[in-house]
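Working notes, beginning with the structure itself.
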Amino acid sequence: MAEAINMGTILFKDGTFLPDALQFDSVPCATGWRLVKDLDGYGLNRKIHDAGWRFFCIAGEIKSTAVGYEGQKNVRRAVKRMLARLKPEKFNSLQITRVASKRFLGVPYVSVSACSRHIQESLFLLREKDFLKVGTEQD
């Protein structure tokens with residue numbers, strides 16, 4: 001059975017570089033993304049911090065909706081739509097902040113909100129290509 005996507009669920013990009021000391025279970029969720037099993041944002045943040053890395057929260061809320069009755073199937077569809085619209089080069093993980101089933105004029109739909117997160121070793125929120133730019137400017 002697929003893992004449920006609820007408030008606090010963390011997804012991260014396939015291929016995200018992680019230290020050997022950071023171990024957790026994950027399952028495929030959407031094309032190019034994995035879902036962290038048995039840990040919410042707080043638990044994963046503790047594990048990342050214990051490994052000497054950082055788990056940044058990037059400002060701004062991302063929202064998506066999907067129409068229908070299907071429960072978790074509908075939530076997954078909303079998350080896949082959200083991931084398809086994003087520019088993942090700016091972050092490598094996503095935390096679900098809200099999942100709400102609603103109705104509009106009798107039509108059921110699910111609304112999913114999330115915030116971008118970024119796992120990295122450095123204390124400063126920079127991507128690898130930013131480090132390369134800084135290094136070449138000093139030469």
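- Atoms CZ and NE2, from R54 and H49 in turn, are 6.0 Å apart once rounded to the nearest 0.5 Å.
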Compile the donor-acceptor pairs under 3.5 Å between side chains in residues 38-46 and protein atoms, sequence neighbours left out, one pair per line.
residue : atom : partner : partner atom : Å
D40     : OD1  : Y42     : N            : 3.2
D40     : OD1  : G43     : N            : 2.9

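- Looking at L35 and T9, their side chains come closer than 4.5 Å, going by heavy atoms from C-beta outward.
- Two residues are said to be in side-chain contact when any heavy atoms from C-beta on lie closer than 4.5 Å; V27 and K37 meet this criterion.
- Between F55 and S93 the shortest side-chain heavy-atom distance falls below 4.5 Å.
- Residues C115 and I58 fail the side-chain proximity criterion, which asks for heavy atoms closer than 4.5 Å.
- Applying side chain to side chain donor-acceptor pair (under 3.5 Å) to N74 and the options R76, Q72, R77 leaves one that passes, R77.
- Note that the CG atom of L11 and the CZ atom of R34 stand 11.0 Å from one another [nearest 0.5 Å].
- Clustering ILVMFWY residues whenever any of their side-chain heavy atoms sit less than 4.5 angstrom apart, transitively, puts I10 in a cluster other than the one holding W33.
- Note on ring orientation: taking the six-membered ring where Trp is involved, the planes of F24 and F12 are perpendicular (angle over 60°, cut-offs 30° and 60°).
- Counting only distance, with no hydrogens or angles, the side chain of N92 and the backbone of K13 share no donor-acceptor pair below 3.5 Å.
- Here the side chains of L22 and I48 are in contact, with some heavy-atom distance below 4.5 Å.
- The line from NE2 of H118 to OG1 of T16 is 8.5 Å long, rounded to the nearest 0.5 Å.
- The minimum heavy-atom distance between K63 and M82, with the atom names listed, is C-CE, 4.2 Å.
- Looking at heavy atoms from C-beta onward, S64 lies in side-chain contact with R85 at the 4.5 angstrom threshold.
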For a side chain to side chain contact (heavy atoms under 4.5 Å, CB included) check, start with the C-alpha distance between W53 and I119, then their side-chain angles and the critical distance, and finish with the verdict.
CA-CA 7 Å; W53 281 44; I119 303 169; 4.0 Å; yes
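- In the hydrophobic cluster analysis, where Ile, Leu, Val, Met, Phe, Trp and Tyr join through side-chain heavy atoms closer than 4.5 angstrom, M7 is grouped apart from V36.
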Show me the donor-acceptor pairs within less than 3.5 Å that the side chains of residues 94-109 make with the rest of the protein, sequence neighbours left out.
residue : atom : partner : partner atom : Å
Q95     : OE1  : R117    : NH1          : 2.4
T97     : OG1  : S113    : O            : 3.2
R98     : NH2  : S113    : OG           : 3.3
R103    : NH1  : G106    : O            : 3.0

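- Side-chain contact between I5 and C29 is present, with heavy atoms from C-beta onward closer than 4.5 Å.
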